[in-house]
Amino acid sequence: MLIFKILRADEWAELRAKTETSGAPIDVSDGYIHFSTPGQAAETAAKHFAGVDGLILLGLDADALGPNLKWEPSRGGQLFPHLYGPLRLADVLWAQPLPIVDGVHEFPAMDTPE
């Protein structure tokens, strides 16, 4: 299953430079890295990144993250993927800009982004 991580440009630059990260400040504070499913990603962007330009959307294979990825209830009781360990650049399948169009972040087609 494909899951998503939204990073600010500086967080993405740090991941590329160091090849792994403990995540954004909220991830570090919570003790795990927050991800979203394709059905959750737009709401995550609207709730936590409204109006933030220059975001990068990462696509990862949930199964490839192994047992450190846990599915836990969060917003509205939905199960969200949480990674208990570092996010490694090697685990990122693709990364692309997440532009704002008409005031909201425009997500790619959820199957195979260009």
Exercise for the section: Please report the shortest heavy-atom distance between A50 and A46, naming the atom on each side. Expected result: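 Heavy atoms of A50 and A46 come nearest at CB-O, 3.3 Å.
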For the hydrophobic clusters of this structure (ILVMFWY residues joined by side-chain heavy atoms under 4.5 Å, transitively), does one cluster hold both [X] and [Y]?
X   : Y   : answer
L89 : L87 : yes
L55 : L58 : no
I6  : V52 : yes

Handout entry: Distance flag, aromatic centroids of F107 and H105, threshold under 6.0 Å
Key =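 No, they do not, as the ring centres are separated by 6.0 Å or more.
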Practice task
Give me the ring orientation class for H82 and F80: parallel if the planes are under 30° apart, tilted from 30 to 60°, perpendicular past 60°.
Solution key: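 Ring orientation of H82 relative to F80: parallel.
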Exercise for the section: Carefully, step by step, assess I3 and L69 under the rule side chain to side chain contact (heavy atoms under 4.5 Å, CB included). Expected result: CA-CA 11 Å; I3 59 173; L69 187 73; 4.1 Å; yes
Practice task
Report the C-alpha distance between L2 and F4 in whole Å, list the side-chain angles of each, state the deciding distance to 0.1 Å, and finish with yes or no for side chain to side chain contact (heavy atoms under 4.5 Å, CB included).
Solution key: CA-CA 7 Å; L2 187 65; F4 298 108; 3.8 Å; yes
Practice task
Using atom types as modelled and distance alone, determine if a side-chain donor or acceptor of D30 lies under 3.5 Å from a backbone N or O of D27.
Solution key: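 No: the side chain of D30 does not pair with the backbone of D27.
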Practice task
Output yes when a side-chain donor or acceptor of N68 lies under 3.5 Å from a complementary backbone atom of L83, and no otherwise.
Solution key: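 Not a single qualifying donor-acceptor pair exists.
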Exercise for the section: Look at K18 together with E14 and state whether they make a salt bridge at an N to O cut-off of under 4.0 Å. Expected result: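 Answer for the salt bridge query: yes.
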Problem - Candidates M1, K5, Q40 - the one meeting side chain to side chain contact (heavy atoms under 4.5 Å, CB included) with P81 - result: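 Per the side chain to side chain contact (heavy atoms under 4.5 Å, CB included) rule, the option paired with P81 is Q40, out of M1, K5, Q40.
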Given side chains that start at C-beta, do those of [X] and [Y] come closer than 4.5 Å, heavy atoms only?
X   : Y   : value
E72 : L79 : no
F35 : L60 : yes
W94 : L57 : yes
L65 : D91 : yes

Problem - Trace of the side chain to side chain contact (heavy atoms under 4.5 Å, CB included) decision for E106 with L98 - result: CA-CA 6 Å; E106 182 177 76; L98 189 58; 5.9 Å; no
